[in-house]
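Take a look at the structure below.
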Amino acid sequence: MEKDTDMLTKNTDNINEHLDTDLVDKNVLNAMVLDNITQNYPGIRQFFSTLKLIDVDDKLATFVVSDLMTAEWINNHYMHILEKVFWEESEEDLGFKKIVVNSQDAYTSPALQTKKKIQKPRGLTRVHEGTLNGRQTFSTFVKGASNTLAGIAAERVAEKPGQSYNPLFIYGRTGLGKTHLLNAVGNTVYDNNKDFKICSISAEHFTNKVISSIRSGKTKELRDSFRFDCDVLLIDDIQFIAGKEGTQQEFFYTFNALYDANKQIILTSDRPPHQLSGIQERLVSRFEWGFAVEVLPPDVEHRVAILQTKARDLGLTIDEEILFVVAEKSGGSIRELEGFFNNVVGQASMLSVPIDKALVRDVSSRLLSTKSVDLISIDLIQKEVAAFFGTTVQDLCSKKRTRGVVRPRQVAIYLCRIFTDESLLEIGRNFGGRDHSTVLHSIATIENQLANNPSQENPIRVLQTKIRKISGGKLED
């Protein structure tokens, strides 16, 4: 259980000192949110430059931005990022908030403010625990060869929850639409069964709920909420509970209680059940009881179909030839595709220029200069570093502390941090289950070495150059 409480620190230490009974310093929290976005999402920071937190209580956080277009853009395209960042900075102390972004005029005008209250984004208050994205439905899910089977399975579960495909386990790489299907099921179940109680949360949120219940002595309330007061349980990124024994124990009994009562369980993961490491075998076996289906990266034609749907939703008419260029220039996931398209549309709007091939190429060159590509993975970096230093991947992931292993291991960890989007937790897990403090120490050690020896002949620099070449020269320091 002590392992589970460690991860709570990074989400709460930053704001504990700013809490004053039920209030929080909004300026401090707003600054922390903006800093998080700037550091982790530099490609879209311009949309948040005027963001200001003006009101926060135990249920709602209200932000304003300078104009209506920016407010609509954040609500329609980047709300998932704002919600994630806000939760990271405040969840444990301030509660799981619903977030609203208005323009300055919309907030100050009582008439518009009343209109906002009436027209709340669909899905904000429709679940028993957690939240649903009301915009992610089956009608907005674009099917293709890569995701048709997963889409059909999700639709059947939504039509008859608890009667088929239980649990439904959807897996695949990040950004391919797994969360969209999760929300689509939740929204459909709600529409068809108003009395059903839906719990829709991430595995990280579930972990924090477990930690909070232990600290406050309210484990019974937690168990009742999920085991006996839930008809449909939707858990995103279940791989997050790897290595968290206390959380896994709670989830095991929750799973059993719901399954035995014919309640629907849907889980998403970045890998199939049998490849999940750090998760109890008894849980893995239960994940395989129902139906496991993979979501694959979309092909070019599928990506174009997605872009056509997005353009239509935005009221834009874009030549199909240009959409093919966008599809080919973007990454392999739907999230990368949409992010690239949003940057193209956003730049065209801000500069008042047409969406043409020249604009797409300009956005492509700008984004690729700071973006890692799918070719680079932790496994690849481990193999390259091991070969370079004359050791093995097994040694890099072992407990060995000899100099011939420690330094290559630190180099590999450092390269994983700068060349992949993996979290410190995931990097540590791939190096023999090391904790985040060990990962941070390795990164700091190598950074100091580079600062003291910036020469291009430095072995670390040589490896960086080699990895950039593997990625097609698209990665930079």
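Note that the structure is predicted; figures quoted are calculated from it, not measured.
- Under a 3.5 Å cut-off, the side chain of Asp237 and the backbone N or O of Ser202 do not form any donor-acceptor pair.
- Phe252 carries Arg282 over the face of its six-membered ring, with the cationic atom under 6.0 Å from the centre and within 45° of the normal.
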What donor-acceptor contacts under 3.5 angstrom involve side-chain atoms of residues 149-168, with partners at least two apart or in another chain?
from   : atom 1 : to     : atom 2 : distance (Å)
Glu155 : OE1    : Lys143 : NZ     : 3.3
Glu155 : OE2    : Lys143 : NZ     : 3.2
Arg156 : NH1    : Tyr165 : OH     : 3.3
Asn166 : OD1    : Gln264 : NE2    : 3.2
Asn166 : OD1    : Ile265 : N      : 2.9
Asn166 : ND2    : Lys263 : O      : 2.9

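- To the nearest 0.5 angstrom, Leu222 atom CG is 11.5 Å from Lys220 atom NZ.
- Side-chain contact check for Val185 versus Leu181: every heavy-atom pair is 4.5 Å or farther apart.
- There is a side-chain donor-acceptor pair under 3.5 Å between His180 and Thr140.
- Side chain to side chain, Gln280 and Glu245 meet the donor-acceptor criterion of an N or O pair below 3.5 Å.
- Aromatic ring centres of Phe206 and Phe240: separated by at least 6.0 Å.
- Atom CG of Leu233 sits about 5.5 Å away from atom CZ of Phe251, to the nearest 0.5 Å.
- Side-chain contact between Thr62 and Leu53: absent, with no pair of heavy atoms (C-beta onward) separated by less than 4.5 Å.
- Proximity of Leu267 to Ile170: side-chain heavy atoms (C-beta onward) are nowhere separated by under 4.5 Å.
- With contacts defined as side-chain heavy-atom distances shorter than 4.5 Å, the pair Cys397/Gln382 qualifies.
- Atom CG of Asn183 sits about 12.0 Å away from atom CZ of Phe141, to the nearest 0.5 Å.
- One finds the CG atom of Leu296 at 9.5 Å from the CZ atom of Arg173 (value rounded to the nearest 0.5 Å).
- Between atom CG of residue Asp231 and atom CG of residue Leu258 there is a gap of 9.0 Å, rounded to the nearest 0.5 Å.
- For Glu250 and Lys244, the salt-bridge test fails: no basic side-chain N is under 4.0 Å from an acidic carboxylate O.
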Table please: side-chain donor-acceptor pairs of residues 425-433 below 3.5 Å, with sequence neighbours left out.
from   : atom 1 : to     : atom 2 : distance (Å)
Glu426 : OE1    : Arg429 : NH1    : 2.5
Glu426 : OE2    : Arg271 : NH2    : 3.2
Glu426 : OE2    : Asn430 : ND2    : 3.1
Asn430 : ND2    : Glu426 : O      : 2.8

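- How far CG of Leu234 is from OG of Ser200: 4.5 Å, rounded to the nearest 0.5 Å.
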